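Written below as structure tokens is the structure these notes are about.
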There are 2 protein chains.
Amino acid sequence: MITSHRITPIAEVEGESVTVSRLKAACSNCNLRELCMPAGISSTELDQLDELVYARRKVKRSDALYRTGDPFEALYAVRTGFFKTRLTFQDGRDQVTGFLMAGELIGLDGIGTEAHTVDAVALEDSEVCMIPYAKLEALSGEMPSLRTHFHKVMSREIVRENSVMMLLGTMRAEERLAAFLLNLSQRMVSRGYAALEFHLRMTREEIGSYLGMKLETVSRLFSRFQAEGLIEVDQKYVRIKDIDGLKAIYAHHTH
Amino acid sequence: MITSHRITPIAEVEGESVTVSRLKAACSNCNLRELCMPAGISSTELDQLDELVYARRKVKRSDALYRTGDPFEALYAVRTGFFKTRLTFQDGRDQVTGFLMAGELIGLDGIGTEAHTVDAVALEDSEVCMIPYAKLEALSGEMPSLRTHFHKVMSREIVRENSVMMLLGTMRAEERLAAFLLNLSQRMVSRGYAALEFHLRMTREEIGSYLGMKLETVSRLFSRFQAEGLIEVDQKYVRIKDIDGLKAIYAHHTH
DNA sequence: GGTCGCGTTTGATCAATATCAATAGCCGGA
DNA sequence: TCCGGCTATTGATATTGATCAAACGCGACC
């Protein structure tokens, strides 16, 4: 299955629409740089980064960027599109562990065991920058700013997961969904998109999996939030009408 | 409040029993080395590690090693004792995000923002090795094996949190508790303790907080597991009588 | 342009766990 | 060593969200 997006195919993963481009990924003039790379680095350092991030790869909607058990070789920075990561348990149950958008880094799960522990699946046609991990390791030895930045990215991921634990462990369904919408909104803003209006890339079931509830509960809550004038929903389209109302649900905890 | 454990006090944190020892922490002859440091490093590298881990600190039961908002300056390797990390939400609710035992690393949460985002609290009188983060950053520039090891530790923490997310998001209360007991057991074994018999260091409430359930539910489940012959419980003492039974609950998921 | 299937919505009922409450027991500090 | 408060257990009831079920609508693909 060859896609029209292909530029220079160098790899084909059994039947999947995976394309890799040798075109320089060119951090130096990437508009995601602030999101994804250390701020305030010198231009010689930028050249080194361009060396590091040497290829792009396209991933079609519903295809996996990598799967559980795949040998860990690279991290990926999302250039365009939207991903989920999914952990599958022995008995088949699975859990969405994250949604990733432009400028965010995928693959940190693989470092510890040198094999991936989750699946990373594109929720829309997407493109990533490949960052070969061996090169990153090596380069971070010479570039303190890169090293520091990388450590911060990992730490922030740990902190993000901490707050998901709090979400799942102590919050009610309506609080979780409010938190989810507020988080999405905030991440849209920091990418220069509208804060209060967006298209969800994931299904109700995927939202539910991430938030630890069933898809019916997600659907009911969307309807209820709409009835209460907090949001406007039409399928994947969401508009936040009362962001303070959402924040009150999220944090006020009238119990 | 000065403790008898004190050796060479160099810091006192407002009324808390915090003691810091300038005694070389001496990774080179620490029996936790395999757990906490990179395997197969040279002896000159070991000397550098001894340089890095330059002090110990005692923390008394129920005292904090650090608190949310504290400036981030060091990581800590648990030498002896037992800690919990705890995330507190705006409205006062909190969630235990981890339990840490000998050889494990505390403080990764602080790297990203240069301030701690959780509290780390000792659940029994404990001792930690202080690892000043600036030194770790610097040394990891020169020591690839240390750098690689550190990245793996962070990645494994991300993976651990992934599985807690799965626990909280998709598992039933009895499955969570079984998973918790099995995990504790496994960590005891890898430290050379008995696999099937141990004293819990945390209360039912702390277990419940970690597992996303109320303390009454934890208590009832302990009673039920005991009635079913899976375990023997007496307050904090637990003996696993049927580890396969626990595993079946954890993973079999008859639903 | 039609049709098939997935995703979504909504309703009715059920089950798991929280909540409220009361008692008992242990442990830690003086 | 004793006391007091924290921790645990257990019961009765309430509530949230899951489950089962049915119908609908959108969109992808033929």
Side-chain angles (χ1 to χ4, degrees), chain A residues 1 17 60-62 84 93 95-96 123-125 167-178 180 199-228 231-238 249 253-255, chain B residues 1-4 17 60-63 84 93 95-96 121-125 167-178 180 199-228 231-238 249 253-255:
Chain A
M1 211 188 294
S17 336
K60 289 206 66 106
R61 175 194 160 92
S62 91
K84 68 173 175 184
R93 279 179 285 185
Q95 166 92 10
V96 172
L123 297 183
E124 64 183 22
D125 291 358
L167 202 90
L168 293 171
T170 76
M171 293 189 158
R172 302 153 38 84
E174 56 173 22
E175 297 173 316
R176 295 182 206 179
L177 191 64
F180 172 75
H199 281 272
L200 301 173
R201 305 306 183 176
M202 69 294 279
T203 65
R204 302 288 188 264
E205 185 169 26
E206 286 162 337
I207 296 172
S209 172
Y210 183 62
L211 297 178
M213 63 185 87
K214 292 294 162 187
L215 69 96
E216 294 95 327
T217 305
V218 175
S219 180
R220 276 184 241 275
L221 284 171
F222 271 133
S223 301
R224 211 183 85 202
F225 282 3
Q226 174 156 260
E228 291 168 347
I231 60 174
E232 205 180 302
V233 210
D234 181 25
Q235 302 285 119
K236 308 251 156 143
Y237 167 85
V238 173
I249 287 182
H253 182 50
T254 40
H255 172 101
Chain B
M1 210 189 295
I2 309 250
T3 94
S4 59
S17 337
K60 291 208 63 110
R61 174 194 161 90
S62 89
D63 279 347
K84 69 173 175 185
R93 279 179 286 185
Q95 166 94 9
V96 171
V121 177
L123 296 184
E124 63 182 23
D125 291 358
L167 202 89
L168 294 171
T170 76
M171 292 187 157
R172 301 153 38 85
E174 57 173 21
E175 298 173 315
R176 296 181 207 180
L177 191 64
F180 172 75
H199 282 271
L200 301 173
R201 305 307 183 176
M202 68 295 279
T203 65
R204 303 286 188 265
E205 186 171 25
E206 286 162 336
I207 297 171
S209 173
Y210 183 62
L211 297 179
M213 63 185 88
K214 292 294 161 186
L215 70 96
E216 294 94 328
T217 305
V218 175
S219 181
R220 276 183 240 274
L221 284 171
F222 271 133
S223 302
R224 212 184 84 203
F225 282 2
Q226 174 157 259
E228 291 168 347
I231 60 174
E232 204 181 302
V233 210
D234 179 27
Q235 301 284 121
K236 307 248 156 148
Y237 167 84
V238 174
I249 287 181
H253 181 50
T254 40
H255 167 98

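Model, not experiment: these values are computed from the prediction. Values below: all heavy atoms of this structure, side chains included; hydrogens, waters and symmetry mates excluded. Labels below follow one simple rule: chain letters A, B, ... track the order of the sequence lines, proteins then strands, and each chain is numbered from 1.
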Note to self: I need the residues from residues 201-212 of chain A with at least one non-hydrogen atom less than 4.0 Å from DNA chain C; give them sorted by number, or say none.
What the structure shows: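 Correct list: A:Thr203, A:Arg204.
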Closest approach of [X] to [Y] (non-hydrogen atoms, all atoms of both residues):
X: B:Leu168; Y: B:Gly212; value: CD2-N, 3.6 Å
X: A:Val218; Y: A:Leu177; value: O-CD2, 4.3 Å
X: A:Ala173; Y: A:Thr217; value: CB-CG2, 4.1 Å

Next item on the list: Find the distance between CD1 (A:Ile249) and CZ (A:Arg172) and round it off to the nearest 0.5 Å.
Entry: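 Result: 9.5 Å between the selected atoms.
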Item checked: Separation between CZ of A:Phe180 and CE of A:Met213, rounded to the nearest 0.5 Å ->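 It comes to 9.5 Å.
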Notebook entry, point to check: Counting only N and O atoms by type, is there a donor-acceptor contact under 3.5 Å from the side chain of B:Thr170 to the main-chain atoms of A:Gln95?
Noted result: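 A pair under 3.5 Å: no.
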What is the distance, rounded to the nearest whole Å, between atom [atom1] of [X] and atom [atom2] of [N]?
X: A:Lys236; N: C:dT9; atom1: NZ; atom2: P; result: 10 Å
X: B:Leu215; N: C:dG25; atom1: CG; atom2: P; result: 18 Å
X: B:Glu216; N: D:dT13; atom1: CD; atom2: P; result: 17 Å
X: B:Leu200; N: C:dC26; atom1: CG; atom2: C1'; result: 15 Å
X: B:Glu174; N: C:dT17; atom1: CD; atom2: P; result: 7 Å
X: B:Leu177; N: D:dA8; atom1: CG; atom2: C1'; result: 14 Å
X: B:Lys60; N: C:dG28; atom1: NZ; atom2: C1'; result: 12 Å
X: B:Lys214; N: C:dA16; atom1: NZ; atom2: C1'; result: 15 Å

Check: What salt bridge (charged side-chain N to carboxylate O under 4.0 Å, His left out) pairs are there with at least one residue in residues 202-216 of chain A, not counting sequence neighbours?
Finding: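 For residues 202-216 of chain A: A:Lys84-A:Glu206.
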Next item on the list: Decide yes or no on side-chain contact (heavy atoms from CB on, under 4.5 Å) for A:Arg224 and A:Glu228, but give the supporting numbers first.
Entry: CA-CA 6 Å; A:Arg224 211 183 85 202; A:Glu228 291 168 347; 3.4 Å; yes
Margin query: Given A:Glu124, which partner from the list A:Arg61, A:Arg201, A:Lys60 fulfils the salt bridge (charged side-chain N to carboxylate O under 4.0 Å, His left out) test?
Written below: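 The salt bridge (charged side-chain N to carboxylate O under 4.0 Å, His left out) with A:Glu124 is passed solely by A:Arg201 among A:Arg61, A:Arg201, A:Lys60.
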Margin query: Run the side-chain contact (heavy atoms from CB on, under 4.5 Å) test on A:Ile207 and A:Leu200 for me, step by step, so that the C-alpha distance in whole Å, both residues' side-chain angles and the decisive distance to 0.1 Å come before the verdict.
Written below: CA-CA 10 Å; A:Ile207 296 172; A:Leu200 301 173; 4.0 Å; yes
Every protein N/O lying under 3.5 Å from an N/O of nucleotides 22-29 of chain D:
none

Check: Does anything in residues 218-228 of chain A reach DNA chain D, meaning a heavy atom under 4.0 Å, and if so which residues?
Finding: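 Correct list: A:Arg220.
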Item checked: Partners meeting ring-ring contact (aromatic ring centres under 6.0 Å, His included) with A:Tyr210 (sequence neighbours left out) ->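 So A:Tyr210 forms a ring-ring contact (aromatic ring centres under 6.0 Å, His included) with A:Phe99.
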Notebook entry, point to check: Would one find a side-chain N or O of A:Thr217 under 4.0 angstrom from OP1 or OP2 of D:dA18?
Noted result: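 Yes.
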Check: So what is the end-to-end bend of the helix from C:dG1-D:dC30 to C:dA30-D:dT1, with 5 pairs used at each end and the value given to 10 degrees?
Finding: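 The two end axes of the helix from C:dG1-D:dC30 to C:dA30-D:dT1 meet at 60°.
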Item checked: Contact check, side chains of B:Arg176 and B:Leu221, non-hydrogen atoms, under 4.5 Å ->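 The answer is no, as the side chains (C-beta and beyond) never meet within the 4.5 Å cut-off.
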Check: Could you walk me through whether B:Lys236 and B:Thr203 pass the side-chain contact (heavy atoms from CB on, under 4.5 Å) check?
Finding: CA-CA 8 Å; B:Lys236 307 248 156 148; B:Thr203 65; 3.8 Å; yes
Notebook entry, point to check: For B:Ala173 and B:Arg61, take the nucleotide of DNA chain C holding the closest heavy atom to each; which residue's nucleotide lies nearer the 5' end?
Noted result: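 Here B:Ala173 is the residue nearer the 5' end.
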